[in-house]
Engineer: 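Please find one structure pasted underneath; my questions will follow.
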Number of protein chains: 2
Amino acid sequence: MSEMSGNEPVKAQESGDSAEKKPQKVGRKRDHTRDEKILEAAIDILAESSFDGMTMDKVATRAKAGKATMYRRWSSKEQLVRDALAWMNRSHLDLEHLPDSGSLREDLLLLIRPQSIAEEERKLRVLAGLGSFLQHPEFADTGMAGIFDSWADANLQLMKRAAARGEIAEHANLELACWVITSTSAFRGLVERKPFEKTFYADLLDGLVLPALKNPKADSPIAES
Amino acid sequence: MSEMSGNEPVKAQESGDSAEKKPQKVGRKRDHTRDEKILEAAIDILAESSFDGMTMDKVATRAKAGKATMYRRWSSKEQLVRDALAWMNRSHLDLEHLPDSGSLREDLLLLIRPQSIAEEERKLRVLAGLGSFLQHPEFADTGMAGIFDSWADANLQLMKRAAARGEIAEHANLELACWVITSTSAFRGLVERKPFEKTFYADLLDGLVLPALKNPKADSPIAES
DNA sequence: TAGTTTCGGAACTTTACAGTTCCGTAATTA
DNA sequence: TAATTACGGAACTGTAAAGTTCCGAAACTA
């Protein structure tokens, strides 16, 4: 969405008082197609190693860029990684063209495309290697938001339609179900380091999520011991 | 369990051929109570920062130990961290004294004790900061195994008893249910960095796990598209 | 007591990396 | 054409941390 933020050279110049806002610059223009190459290289190396394993020299070499070029655009490694994470999470599922097979189970499974699996697994590898970087609370959101939200949103739409047509109980906790799907899938890739397989996903749906959605009898009160 | 492994000095001495295995050594004995202090300090700092934020100097200072002492016992930072992780995961729930209230929901909730919550959250902080270290597949197991296994095992016992007394369906996928509990809880602390709260756990049980266990009608075949 | 190994602590060496500067070249404007 | 800015690339600086070595003191054995 917003794209970038800590860019542009230091640009700390106030030409006196009568600043007439004339940014008509002289000299060779900055090639902004290099931005993408550098961000892509950064994500690539983050996915292969980790935040600490990603050195600025590696990124520069991978992107065939000079370090001066990088530091002309980002003032630090932290800034570069922050923008690279935003860049990584730029793609979103198209909520306008969701599957509609008439079966919630089929819809949920149809959402899983091999291409998107590989993409999400790459994001998980990046996330796994972020380590100490995520300790900055400001980056915890930047790094996380957008990785799973898109998938969870799509799943929620599918569930709401299923509820509307009476396939699942209307008082089921759909948000919880979506969160369980994304968090368990993330845990599997992030911590267990297993690939996302459709058989695993089908087991999760058949063994837990769909039964709960179809029969969510809340027979237990909220007892706080 | 096994405890330690990469210890002892290099000890590469073969006294000629007639090695009569006489380990009767001379000199001051190694104080193995220092091991625990050092491992504890390492885990402490791992929990506060990360693998890369944990420096050998910090550990030495925290444990009031000399670095020479540390390198006499562990040949590298990697070795120290490996043993520290094993040390961290040494405690296990007592499977012999599980709660037995007659209600699975109550039993599962009774297993959550404030003391064990704090302990597990500390482990999660350590795990979150491991980052690049976990990329070594050999450490992925060391680091992970034992953090959640104990809790999952206890939950499985409780579920099996509930199944035996007919509280839940006997053909329910208990292992899957236990795995979902641990993986979602871990995700919450590890990625979302939220504290473990009983209300969250009760919602997970009431909204998804228990309904699924009580009504696991497998109405959908395994279709591989 | 003499010799050996440990201890905590500090100084030291080495390596790796973030960030800076400079080079020759290419692009842009006046 | 001349001045300016960007480019890739390489050299350079400063710092942080892993690992080593040495110190004086303590603990153990013969």
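So that the names make sense, note that chain A is the first sequence line, chain B the second, and so on, each numbered from 1.
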Engineer: CZ of B/R28 versus C1' of D/dA30: gap in Å, rounded?
Structural biologist: 19 Å
Engineer: Between A/R34 and D/dG8, is there a side-chain N or O to OP1/OP2 distance below 4.0 Å?
Structural biologist: yes
Engineer: If I take atom CG in residue A/D35 and atom C1' in nucleotide D/dA6, what distance separates them, rounded to the nearest angstrom?
Structural biologist: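 Whole-Å distance recorded here is 13 Å.
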Engineer: Classify the ring geometry between B/Y201 and B/W151 as parallel (under 30°), tilted (30 to 60°) or perpendicular (over 60°).
Structural biologist: tilted
Engineer: Rounded to whole Å, please give me the gap between CG in A/D52 and P in D/dA18.
Structural biologist: 11 Å
Engineer: For A/K64, which contact category applies under a 4.0 Å heavy-atom criterion: base, sugar-phosphate, or nothing?
Structural biologist: sugar-phosphate
Engineer: I'd like to know if A/R30 reaches the base of D/dA6 with its side chain, counting only an N/O donor and acceptor under 3.5 Å.
Structural biologist: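 When only heavy-atom distances are counted, A/R30 does not reach the base of D/dA6 through any donor-acceptor pair under 3.5 Å.
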Engineer: OP1 or OP2 of D/dG8 less than 4.0 angstrom from a side-chain nitrogen or oxygen of A/T69, does that happen here?
Structural biologist: yes
Engineer: Under 4.0 Å from OP1 or OP2 of C/dA18: is there any side-chain N or O of A/K77 that close?
Structural biologist: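 Result: yes.
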Engineer: In whole angstrom, what separates B/D31's CG from C/dG8's P?
Structural biologist: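 For the pair B/D31 CG and C/dG8 P, the rounded distance is 8 Å.
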Engineer: How many whole angstroms separate atom CZ of B/R72 from atom C1' of D/dG19?
Structural biologist: 14 Å
Engineer: Rounded to the nearest Å, what distance is computed from the NE2 atom of residue A/H32 to the P atom of nucleotide D/dA6?
Structural biologist: 10 Å
Engineer: Quick one: is B/K29 getting a side-chain N or O under 4.0 Å of the D/dT29 phosphate, OP1 or OP2?
Structural biologist: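 For D/dT29, OP1 or OP2 has a side-chain N or O of B/K29 closer than 4.0 Å.
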Engineer: Please examine the side chains of B/F196 and B/L124, heavy atoms only from C-beta on, and report whether any two atoms are closer than 4.5 Å.
Structural biologist: no
Engineer: Contact between B/R122 and B/D44 at the side-chain level, heavy atoms closer than 4.5 Å - yes or no?
Structural biologist: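 A side-chain contact exists here, since the closest heavy-atom pair is under 4.5 Å.
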Engineer: Is the cationic atom of A/K77 (NZ for Lys, CZ for Arg) positioned less than 6.0 Å from the six-membered ring centroid of A/F133 and within 45 degrees of its normal?
Structural biologist: no
Engineer: Could you check how far CD of A/E78 sits from C1' of C/dC17, rounded to whole Å?
Structural biologist: 13 Å
Engineer: Taking for each residue the nucleotide of DNA chain C bearing the nearest heavy atom, is the 5' side occupied by A/A68 or by A/M54?
Structural biologist: A/M54
Engineer: In terms of the nearest nucleotide of DNA chain D, which residue is placed more toward the 5' end: A/T61 or B/K58?
Structural biologist: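 Result: A/T61.
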Engineer: Rounded off to whole Å, could you give me the CZ-to-P distance for the A/F51 and C/dA16 pair?
Structural biologist: 19 Å
Engineer: Taking side chain as C-beta onward, heavy atoms only, is B/L93 less than 4.5 Å from B/D153?
Structural biologist: no
Engineer: Which residue lies toward the 5' end of DNA chain C, A/K67 or B/A60, if each is placed at its nearest nucleotide?
Structural biologist: B/A60
